Structures are given as C-alpha cells and as structure tokens.
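Here the structure comes first, spelled out in structure tokens, and everything after it is commentary.
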Amino acid sequence: MRVRSLPLPERFVDHFADRGIRELYPPQVAAVEAGVCDGANVVAAVPTASGKTFIAQSALLTADGPGLYVCPLRALAREKYESFAALPGVDVAISTGDFEASGEELAGHDVVVATSEKVDSAIRNGAEWVDDLACVVVDEVHLLGAERRGPTLEVTLATLRRRSPSIQVVALSATVDNPAEIADWLDATLVESEWRPVDLRTGVCVGREVTFDDGRTRRVSVGDSETGSGTTSEDATEEGPDATEITAALVVDAVAEGGQCLAFVRSRAEAAGLAERLAEDRLAERMGIEPAAAAVGDEVADIDGTVTGQELADRLRAGVAFHHAGLRAGHRAAVETAFREREIACICATPTLAAGVNVPARRVVVRDQKRYTGSSMEWLPTLEVHQMCGRAGRPGLDPHGEAVLVGEDSTREELVERYVEGNPEAVESKLADPASLRTHVLSAVATGFAETEAEILDVLDGTFYARETGAGGLADAVAVAVDDLVDAGMVRRRGDAESYRIVATAVGETTSKQYVRPETGSRIVDGLRTAAGMERATTLTVFEVICDTPDMQDTYLGNRERAEMYRFARKNAARLTTGMGEADDFEGWLESVKTARILAEWIGGATVEELVEAYRIGPGDLDSRVERAEWLLSAAEALADTIGVSVPAVTRARSRI
DNA sequence: ATTGAAGAGTAAATGTTTCGTAAAA
DNA sequence: CATTTACTCTTCAAT
C-alpha cells in the first residue's frame with residue numbers, strides 16, 4: 001500500500017516522500033485497513049520502531065477536528081512535538097510541566113502534544129479545549145499497568161471519552177500478553193504484529209559463546225587487551241571471565257565490526273564502572289571517531305564542574321558514555337545525540353534508556369537481568385527486557401540487530417525461557433490501589449463531575465479496571481475512599497444520611513487543582529498550621545513540610561550519614577514541625593529532613609558541586625528535587641491562602657529557590 | 001630483631017530503577 | 001544478591 005493512496009492532502013504525501021516514506025510497513029497497512037484514517041478506534045500492539053509514529057500521524061491528520069497526542073515522558077513529548085511541527089501547515093502545541101512556551105491558549109491548535117498528567121491536570125482546572133477534540137492518540141498505553149501513573153492514564157482516557165463520546169481513540173502499545181483486552185475496553189480494532197523493519201536476533205552468552213535464537217553461535221575473545229601471553233588468565237580462575245569482562249568483550253566485538261552498542265546494567269554505579277572499564281579498550285580509535293568524541297567530551301565538561309559531569313566528559317573522550325537519572329538533562333541529551341550522530345561507540349545505561357527516546361544500536365547487551373528490591377533480587381519483567389532488546393538494529397544502517405543476554409551455566413535455561421521465548425506480561429489495572437482511588441475520587445468530586453457515590457462509580461465505569469472486573473467491584477473501595485477524604489477534610493457530606501451530596505471543601509478543591517495528592521494536601525495544611533504557631537518558622541521549616549509528603553521524591557539516606565542527620569534534626573528541633581519522637585515513620589522522616597537540608601543549603605547559596613559531594617547525590621537528582629520544591633511551594637502558598645494562614649517563610653522560600 | 005608498607009584473603013556491612021504533576025493582571 | 005569496606009594475616013624490605 002502506498003502513502004499516496006491514503007486520504008491525505010497532497011502536501012503531506014510530498015512531505016513523507018521527501019523522507020523516503022512512500023510505501024507503508026505491514027503494521028501500518030493493517031492499521032489503515034482497521035480504519036485509522038476513517039475515524040475508527042484502533043489499538044496497535046507492535047514492536048518499537050515499526051512505524052507507530054506514522055500511524056499516529058495518519059489518524060491525527062485525517063481526523064475531523066483537533067487532536068491530542070498523549071505520551072508518558074517529557075523527552076518523548078518533545079520528540080513527537082518536533083516531528084509534528086515538521087509537517088507542513090500543521091499548528092502544533094506542546095504542554096508538559098517543564099515547557100512554558102505553550103502559553104495559556106491551548107485551544108485552536110491542530111495537534112496538542114502532552115503528558116498524561118498534564119491532560120489530567122488541565123481537565124481538573126476546567127480546560128475547555130478538551131471537549132472539542134476529534135481524536136486522541138495514546139502512546140505507550142501499556143503503562144496502564146504502572147503503579148502510580150497507570151490509574152491516571154485510565155481515568156483520564158475514561159473522562160475524555162465520557163465528555164466527547166464520538167472521539168476517535170488510537171492507542172499504541174508495546175507487545176503485551178493481553179492487547180485484546182485493551183482493544184475491547186476502547187471498543188477498538190486490534191492490530192497486532194511482530195514485524196520489524198530490521199531483523200532482530202536474540203541470544204544468550206555463557207562463557208565466551210553466544211547462542212542465538214536462530215541457532216547461530218558466535219565466539220568472542222575475552223580480555224585480549226590486557227593479557228599479552230594467552231595463558232595467564234587460564235590458571236588464575238577456573239570459572240572463566242566474569243560478567244563484566246564478557247560484556248566488555250561483546251561491546252568490543254560489535255565495535256570491531258563497525259556497530260554501536262548499548263549495555264544495560266543494574267545500578268548507576270555499575271553503569272559508570274563499566275564505562276570506566278571500557279575506556280581502556282580504545283573504542284574511539286577503533287571506530288575512527290576520536291576528534292568527534294573529544295569534541296563531545298569538551299562540550300559536556302562545560303556543563304558543570306561536578307565529579308559526575310567531569311567523569312562523563314572523560315569517558316566521552318574515549319568514545320563511551322554512561323547514562324542514568326543522576327545525570328542532568330543536558331548531560332543526557334548530549335550523550336543521546338552524540339550516539340545518534342555516531343560520535344561515540346557505546347552507552348552503558350540503567351534501564352532509563354530502555355523506555356526513553358529513540359536511541360537504536362547494532363548490538364544491545366543486557367548484563368544484569370535482576371533487580372535489587374530491598375530484600376531480594378527479582379527478575380526484571382519480560383516486557384522491560386524486551387524493550388531493551390528492541391533497541392537493537394538501525395533501519396537502513398545495520399544488516400540486522402543483535403540482543404545478547406549475559407548469563408551463566410546455571411541461568412541459561414531460565415533466560416531463554418523467560419526472555420528469548422517467553423511472552424511479556426499482561427497489563428493489569430492498578431486502579432484498585434486505595435491511594436490512587438482517593439486521588440481520583442477527589443478529582444471527580446472537585447471538578448463537579450460527581451456528587452454521589454453512584455455518580456463517582458459512573459465516572460469510573462469507563463475505566464480499564466471496570467471493564468476487567470466490573471464497576472461493582474469498586475463500590476466498597478470507593479466508599480472507603482470517600483470516608484478517608486471526609487476524615488482528611490477534603491470533602492464534606494451535605495444533607496441527611498439518606499440522601500446526601502458529596503462536595504469538595506475549599507482545601508480539597510485547591511488540593512485537586514494544584515495537582516497534589518490528598519495526603520500531600522493534608523500534610524501541608526497541618527504543617528502550615530503548626531508553622532504559624534511556631535516562634536521561629538524559617539525556610540527550613542517549610543522545606544521540612546513539603547519534603548515530608550508523598551509527592552516529594554525521597555533522598556537516599558546512607559547508613560553512614562544517618563547519625564549525623566539525627567544530630568542535625570535534634571539541633572534544629574525548634575525549626576521543625578515534627579518532634580523527634582512524633583514521626584510514625586522515623587526513617588522516612590529523616591530522609592525528608594535530608595532533602596529539606598539540601599534545599600535549605602541550595603537557597604543559601606551552595607553550589608551544585610558542593611551539594612553533590614556532600615550528600616552523595618547526582619547533579620540530576622538535585623535538579624529534580626529543586627523542581628519539585630518549586631511546585632510544592634506554590635501548592636503550599638495556594639493552600640495557605642485558602643485556609644487563611646500566613647507563613648511568610650513560604651513566600652521567602654519560593655522566591656529564593 | 002623490629003617496624004612499616006603493601007598485598008592477599010576473608011568476614012561483615014552495605015547498597016536500591018524510574019517518572020510525572022501548578023500558574024498569575 | 002553482589003559489590004564494597006573493614007579487618008586480619010602474611011610477606012617482604014628496610015632500618
């Protein structure tokens with residue numbers, strides 16, 4: 001099927017032709033046959049890089065009115081925004097938490113790109129443009145099964161469909177076990193395909209030997225860079241080379257053939273460690289990219305003076321990089337584009353990269369397949385490993401992609417069973433989680449969509465959860481949620497016990513509009529009241545309050561720091577809203593104190609470099625804490641306003657941050 | 001012979017991925 | 001669970 005045969009205006013056909021897109025891929029044909037261009041609901045469960053963006057564009061460009069593109073990551077939103085903006089004569093806007101340029105008027109655009117939370121928040125704040133939508137595309141819809149964010153996605157989608165019953169829904173999903181259930185929920189036609197533009201071979205490496213799923217094998221030479229006389233390593237160990245050495249060998253092997261590599265490991269420290277090890281292998285030299293790599297290194301070195309940043313710059317000069325959430329956005333973007341431009345040979349990453357922006361490589365090596373969960377090691381979900389492996393193979397550049405799982409004799413079978421031949425998990429709704437339910441029940445009440453428990457259930461009736469288990473399954477849980485919200489002072493029952501209406505209190509309304517969770521709203525209100533009665537409520541006091549909420553990411557408190565942090569809390573007891581014995585989760589509270597302390601020092605003029613050294617956090621961690629603090633402080637200000645309490649330190653903290 | 005440094009080997013302690021959200025004459 | 005740290009014990013060289 002040809003692009004020209006689609007019901008698209010000439011200028012789009014030309015635009016795609018300029019990019020070499022004239023013929024449709026098989027999954028795209030299937031989507032068109034299912035009716036994406038005719039306003040039909042479609043769920044496409046297809047591998048990454050098999051042309052999902054084109055399916056989305058066909059739907060939005062043929063829809064009879066404005067469209068919305070919902071995706072889970074800011075970086076992804078920006079990527080999609082750019083690909084829509086490149087289309088001739090399409091007026092596109094972007095709306096994410098960090099992007100100010102969107103302006104107040106989101107109405108009147110052909111396409112709006114936004115994160116799911118942003119859409120949810122827009123609905124809560126009474127945005128009217130959502131009612132005019134003709135089409136909504138949901139990217140990575142399998143995130144429905146995610147702990148916190150899944151419920152937001154399903155409730156948002158249910159609300160959109162409730163408000164515009166004729167809206168076209170197109171959902172794009174990774175390959176999962178139950179795509180038919182998702183399609184059934186959305187009254188959509190399912191398009192399922194394993195087709196990829198580049199062949200993917202998946203293999204397991206034990207010792208020096210890789211065995212691929214198509215029966216091929218390949219031997220890699222381990223450790224040839226350090227041992228001059230072949231026999232030295234033989235007698236030293238009977239077990240053979242360790243996983244890191246094998247991983248390094250697999251990387252070198254791929255690079256020797258001119259292919260780039262992605263290596264996935266468990267933790268940040270190990271990503272940096274593997275990069276350090278690989279720097280010995282002179283990869284930049286082997287690929288002939290030394291000048292470009294050096295230039296990227298210099299560029300990154302200028303971002304900041306943190307140890308992490310300088311270490312990354314050094315690795316880049318050697319043609320390798322590490323990548324994890326402790327890096328700042330600028331670091332990450334530099335690494336990603338350098339890799340895409342073939343200016344570096346390898347990225348050693350934590351699982352961040354698996355679900356992020358488009359970074360394909362010839363070979364993907366998954367060194368670690370287990371994750372530490374606090375008490376034990378657990379196998380990574382098949383879906384996650386498949387997403388890592390799916391990054392292998394660049395269309396048009398690589399003859400085929402290779403994904404290699406590093407294992408041992410004892411794990412070989414399990415790896416094959418679980419990841420090579422195994423199916424990914426089914427997507428299951430997490431809406432029944434009490435905390436999520438409280439949030440969305442409050443939202444339904446505060447926006448005025450529901451005034452009784454029956455109406456709340458009606459709103460939730462359109463969710464994936466309801467389709468799976470029946471809305472009746474939620475009745476008890478909703479009743480509990482309402483009781484909890486009444487106790488927390490977020491909603492009130494008005495009228496007699498027989499026929500009452502549920503309405504949001506002023507605090508509940510502000511909480512919902514500020515997009516903080518009910519628990520956060522209550523904690524801030526309590527905190528503000530105690531702070532108002534304190535002799536010396538300082539900015540540290542305010543930081544302690546906002547950091548002691550579930551909306552602030554907590555900061556890891558090492559065993560070593562604990563004693564010192566305890567002393568700090570004791571010394572500053574007069575400026576904290578929680579007494580030393582009062583916290584019901586003392587450990588958790590002490591972590592909040594650490595975050596608060598970092599923020600206090602930050603507005604006191606401490607530099608990123610100092611804070612990163614002193615508190616053993618990555619520069620990216622600091623950035624994200626500061627950003628959250630800005631948001632939570634503004635929520636605190638709004639809440640102080642609604643309860644009529646004045647805490648000058650809030651405004652002071654907010655202006656200084 | 002004593003001291004100190006360096007290294008090897010072992011037992012105990014320690015470490016943990018990620019992402020999004022507000023809004024004003 | 002795997003890696004790092006803390007500690008013990010050994011070896012060897014220099015005084």
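Below, chain A is the first sequence line, B the second, and so on; all start at residue 1. These numbers come from a predicted model, not from an experiment.
- Side chains of Arg625(A) and Thr555(A): a donor-acceptor N/O pair is present below 3.5 angstrom, by distance only.
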Checking salt bridge (Lys or Arg N to Asp or Glu O under 4.0 Å) for the pair Arg562(A)/Glu587(A): CA distance, chi angles, key distance, verdict? CA-CA 9 Å; Arg562(A) 182 161 292 121; Glu587(A) 288 298 306; 3.0 Å; yes
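- When heavy atoms are screened at a 4.0 angstrom cut-off, Asn125(A) is found touching the sugar-phosphate backbone but no base atom.
- Using a 4.0 Å heavy-atom cutoff across all strands shown, Glu270(A) reaches sugar-phosphate atoms only and no base atom.
- Taking the six-membered ring for Trp and thresholds of 30 and 60 degrees, Trp589(A) and Phe586(A) have ring planes inclined between 30 and 60 degrees apart.
- Arg367(A) comes within contact range of no nucleotide atom at all, as no heavy-atom separation falls under 4.0 Å.
- One finds a side-chain N or O of Arg332(A) lying less than 4.0 angstrom from the OP1 or OP2 phosphate oxygen of dC19(B).
- Each end of the helix from dA1(B)-dT15(C) to dG15(B)-dC1(C) yields a helix axis from five base pairs, and these two axes differ in direction by 10° (to the nearest 10 degrees).
- Applying the side-chain hydrogen bond (donor to acceptor under 3.5 Å, both in side chains) definition to pairs two or more places apart or across chains, those involving residues 68-84 of chain A are Thr53(A)-Lys80(A), Tyr69(A)-Asp139(A), Arg74(A)-Glu627(A), Arg78(A)-Asp98(A).
- Closest heavy-atom contact between Thr382(A) and Gly422(A): CG2-O, 4.1 Å.
- Taking atom CZ of residue Arg266(A) and atom P of nucleotide dT17(B), one finds them 10 Å apart after rounding to whole Å.
- Contact annotation: Thr115(A) side-chain N/O to dT21(B) OP1/OP2 distance is under 4.0 Å.
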What does the list of N/O pairs under 3.5 Å between the protein and nucleotides 10-15 of chain B look like, with a distance for each?
{"from": "dT14(B)", "atom 1": "OP2", "to": "Asn559(A)", "atom 2": "ND2", "distance (Å)": "2.9"}
{"from": "dG15(B)", "atom 1": "OP2", "to": "Tyr556(A)", "atom 2": "OH", "distance (Å)": "3.3"}
{"from": "dG15(B)", "atom 1": "O6", "to": "Tyr372(A)", "atom 2": "OH", "distance (Å)": "3.2"}

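- Nearest nucleotide to the Arg74(A) side chain, out of dT21(B), dA22(B), dT17(B): dT21(B).
- When heavy atoms are screened at a 4.0 angstrom cut-off, Arg654(A) is found touching base atoms of the nucleic acid.
- Between the P atom of dA2(C) and the CG atom of Asp368(A) lies a distance of 9 Å, rounded to the nearest Å.
- Contact annotation for Lys118(A): backbone-only contact, meaning every heavy-atom pair under 4.0 Å involves sugar-phosphate atoms and none involves a base.
- Comparing dT18(B), dT21(B), dC19(B) by their nearest atom to the side chain of Trp631(A) picks out dT21(B).
- Nearest-nucleotide positions on DNA chain B for Ser121(A) and Gly326(A) put Gly326(A) closer to the 5' end.
- For the pair Gln553(A) CD and dC19(B) C1', the computed distance is 8 Å after rounding to whole Å.
- With rounding to whole Å, Leu639(A) atom CG is found 14 Å from dA23(B) atom C1'.
- The side chain of Ser267(A) lies closest to dT17(B) when the candidates are dA23(B), dT17(B), dC19(B).
- Rounded to whole Å, the P atom of dT17(B) lies 14 Å from the corresponding atom of dT4(C).
- Among the nucleotides dT21(B), dT17(B), dA2(C), the one closest to any side-chain atom of Tyr515(A) is dT21(B).
- Thr539(A) places no side-chain N or O within 3.5 Å of a backbone atom of Ala653(A) that could act as its donor or acceptor partner.
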Report the C-alpha distance between Glu154(A) and Lys430(A) in whole Å, list the side-chain angles of each, state the deciding distance to 0.1 Å, and finish with yes or no for salt bridge (Lys or Arg N to Asp or Glu O under 4.0 Å).
CA-CA 10 Å; Glu154(A) 61 174 307; Lys430(A) 298 288 186 298; over 6 Å; no
TODO: Might you work through the salt bridge (Lys or Arg N to Asp or Glu O under 4.0 Å) test for Glu564(A) and Arg597(A), ending with a clear yes or no?
DONE: CA-CA 12 Å; Glu564(A) 210 279 319; Arg597(A) 185 181 182 182; 3.0 Å; yes
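- Side-chain contact annotation: Thr541(A) with Glu544(A), donor-acceptor N/O pair under 3.5 Å absent.
- The Arg371(A) side chain lies nearest to dT17(B) when the options are dC19(B), dT17(B), dA23(B).
- Judged by distance alone, with hydrogens and angles left aside, the side-chain atoms of Ser436(A) form no donor-acceptor pair with the main-chain N or O of Ala432(A) at under 3.5 Å.
- Rounding to whole angstrom units, CG of residue Asp554(A) and P of dT18(B) are separated by 14 Å.
- The nucleotide whose nearest atom lies closest to any side-chain atom of Thr352(A) is, among dA2(C), dA23(B), dT18(B), dT18(B).
- The listed nucleotides are dA2(C), dT21(B), dA22(B); the one nearest the side chain of Asp551(A) is dT21(B).
- The residue Ala325(A) sits close only to the backbone: its heavy atoms come under 4.0 Å of sugar-phosphate atoms, none of a base.
- Distance Phe264(A) CZ to dT18(B) P: 12 Å, rounded to the nearest Å.
- Following rounding to the nearest Å, Arg517(A) (CZ) and dC19(B) (C1') show an atom-to-atom distance of 13 Å.
- Of the nucleotides present, none pairs with dA23(B) by Watson-Crick or G-U wobble criteria with both distances under 3.5 Å.
- Between the side chains of Thr152(A) and Ser116(A), no donor-acceptor pair is found at a separation under 3.5 Å.
- Checking Ala635(A) against Ala269(A), the closest nucleotide of DNA chain B that is more toward the 5' end is the one next to Ala269(A).
- Arg268(A) comes within 4.0 angstrom of the backbone, heavy atoms only, and of no base.
- Computed from coordinates, the Lys370(A) NZ to dA2(C) C1' distance equals 11 Å when rounded to whole Å.
- Side-chain atoms of Asp120(A) and Tyr515(A) include a donor-acceptor pair closer than 3.5 Å.
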